[in-house]
2 protein chains.
Amino acid sequence: MEITGKQLAIMETAEQLFADNGYDGTSIRDIAHQADVNVAMISYYFGSKEKLLQAIFEKRTELWRVHLESMIEDKSRSPMEKMFVLIDNYMQKIFDQSCFHRIMAQQQMANQDSPVASLILDTKRRNQDLVKKLVQQGQRSGDFKKNIDVPLLMMTMMGTINQLITTQHHYRELNNLQDLDDTEYKKHIKKKLSTHLKSIFKAILSNEE
Amino acid sequence: MEITGKQLAIMETAEQLFADNGYDGTSIRDIAHQADVNVAMISYYFGSKEKLLQAIFEKRTELWRVHLESMIEDKSRSPMEKMFVLIDNYMQKIFDQSCFHRIMAQQQMANQDSPVASLILDTKRRNQDLVKKLVQQGQRSGDFKKNIDVPLLMMTMMGTINQLITTQHHYRELNNLQDLDDTEYKKHIKKKLSTHLKSIFKAILSNEE
DNA sequence: AATTACTAAACAAACGTTTAATTAATTTTT
DNA sequence: AAAAATTAATTAAACGTTTGTTTAGTAATT
């Protein structure tokens, strides 16, 4: 099924509204109005509200996987370098798709099983396996320590970035950065966060005494 | 206003349902049914659905503040020890009130200003100020490094714990820990997380080369 | 006797979805 | 290439539920 302009407009509008007001806090009429389409078009194109959410998830999770796999198998970088690339890639992805990421955060918080819930779990499982592979590479080459808790490491990376993305508006106010414009602010916080995470990873992973 | 048994039942039920299904995903009738009270009682006692949420927030944020303040002024502990106590206290609090914490997470994710939104922001600002104070103590005594980004440090602590709490059910499955019973599992993960966070904090804060 | 706690029923508004009718685009037939 | 037939896109209105809240009346407590 090819995606027309109108379908894309619906999906993008829905993404923003779901992120800001939650899935249940957003009505079909809200979306239709903001995307400037008739209410019936959403059922017509996607079938239902939930299937619209699914469509958004499928579109967003499509490309991410392949990217990660090839990066890990890259022979030209050291394990620690790869880990740093991973951090920057993950950050970039989430900054670029912050609305979608916020939807994902609220969906995985909900304690109910839905089509998207299992989609999220699958993605996470795959990602964790890949990172585990990368950690093992580093351990074999002697670059990394022996006892690494991969799930906890992932939790720190994802959790820290997540915390920043989900509470951006708070962070800015808490640190008196309102005078910076949006792009300036984003650049600033990205640089800071990247350095921060890398130093944490180095401290946890690195074998130097 | 004193809280009767029935009001408490409503608040506790609401807390769990809000956490599991989201605020908008939970209806007044859901709460009334599960708490075994008449639908009208919720409006009668709390005024509205939103005021019920506010009541839950006020009850939960009441005691936390005083506790933190006295802990930081404690002269018998070193700055690093205090930081470790802070980590354990924060973890304990969130584990004990995981439902409430999940509600808070979804509320601070929403990009809209509500009574609870400003309540959250206030609490965060206060907490961050207190931690900043503690960091300065450590810097004056020479225990901590000079350049510490307090907001980022907080983000890592809260983010990591948050990530664990909001995705507990995932974590358990991802690490094949289903055979452990609930209390056993909680004990296990708490111990792990505590060590993990402390080693991160030590790496970031400590002045030893 | 008067206030408080509680209930079942009703309220209007909003919800996601469907229907039936109309317009636009595409394909088939002349 | 023009006309007719067919399919797809779009609309306004209506559907039946569910939503949060209120009302008017009853039972319990003070």
Side-chain angles (χ1 to χ4, degrees), chain A residues 1-59 103 106-107 110-117, chain B residues 1-59 103 106-107 110-117:
Chain A
M1 154 183 158
E2 62 176 311
I3 298 172
T4 72
K6 228 159 215 183
Q7 291 174 59
L8 205 73
I10 292 171
M11 287 169 86
E12 280 170 0
T13 308
E15 206 171 43
Q16 198 218 306
L17 290 175
F18 285 161
D20 283 345
N21 314 317
Y23 173 77
D24 288 304
T26 306
S27 76
I28 291 283
R29 282 169 182 82
D30 289 339
I31 300 167
H33 181 254
Q34 187 146 322
D36 206 32
V37 298
N38 190 281
V39 248
M41 293 310 290
I42 293 172
S43 295
Y44 179 71
Y45 276 133
F46 299 95
S48 69
K49 190 188 177 184
E50 202 183 5
K51 278 181 190 161
L52 166 60
L53 181 67
Q54 273 180 255
I56 292 172
F57 265 82
E58 273 153 26
K59 186 187 153 224
I103 301 174
Q106 50 173 267
Q107 285 295 319
N111 197 5
Q112 53 207 352
D113 50 345
S114 56
V116 300
Chain B
M1 156 183 157
E2 63 174 311
I3 298 171
T4 71
K6 228 161 214 180
Q7 291 174 59
L8 203 74
I10 292 171
M11 288 170 85
E12 280 171 358
T13 309
E15 207 171 41
Q16 198 219 304
L17 289 175
F18 284 161
D20 283 345
N21 314 319
Y23 174 77
D24 288 304
T26 307
S27 77
I28 291 284
R29 281 169 182 82
D30 290 339
I31 301 167
H33 181 254
Q34 187 147 323
D36 206 32
V37 298
N38 190 279
V39 249
M41 294 310 290
I42 292 172
S43 296
Y44 179 71
Y45 277 132
F46 299 95
S48 68
K49 189 187 177 185
E50 201 183 5
K51 279 182 188 159
L52 166 60
L53 182 66
Q54 274 180 256
I56 292 171
F57 264 82
E58 273 152 27
K59 186 188 155 225
I103 300 175
Q106 49 172 271
Q107 286 295 320
N111 198 6
Q112 52 207 351
D113 50 343
S114 57
V116 300

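It should be emphasised that the depicted structure is a prediction, and the values quoted were computed from it without experimental measurement. Convention: sequence-line order gives letters A, B, ...; per-chain numbering from 1. Only this structure's heavy atoms are used, side chains among them; waters, hydrogens and symmetry mates stay out.
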Output a table of donor-acceptor pairs, distance under 3.5 Å, between side-chain atoms of residues 13-22 of chain A and any protein atom two or more places apart or on a different chain; print 'none' if there are none.
residue  : atom : partner   : partner atom : Å
Thr13(A) : OG1  : Ala9(A)   : O            : 2.7
Glu15(A) : OE1  : Arg60(A)  : NH2          : 2.9
Glu15(A) : OE2  : Arg60(A)  : NE           : 2.8
Glu15(A) : OE2  : Arg60(A)  : NH2          : 3.4
Gln16(A) : NE2  : Asp20(A)  : OD2          : 3.3
Asp20(A) : OD1  : Arg102(A) : NH2          : 2.8

So, does Lys59(A) use its side chain to make a donor-acceptor pair with the main chain of Leu8(A) at under 3.5 Å?
no
Counting only N and O atoms by type, is there a donor-acceptor contact under 3.5 Å from the side chain of Tyr45(A) to the main-chain atoms of Leu52(A)?
no
Whole angstroms only, please: what is the CD1-C1' distance between Ile10(B) and dA5(C)?
12 Å
Base versus backbone protein contacts along nucleotides 8-24 of chain D [heavy-atom cut-off under 4.0 Å; B, S, -]
SBBBB-B----BBBB--
Taking all non-hydrogen atoms of both residues, which atom of Met11(B) and which atom of Ala55(B) are closest, and how far apart?
CE-O, 3.4 Å
Closest heavy-atom pair and its distance - Gln106(B), Ile103(B)
CG-O, 3.0 Å
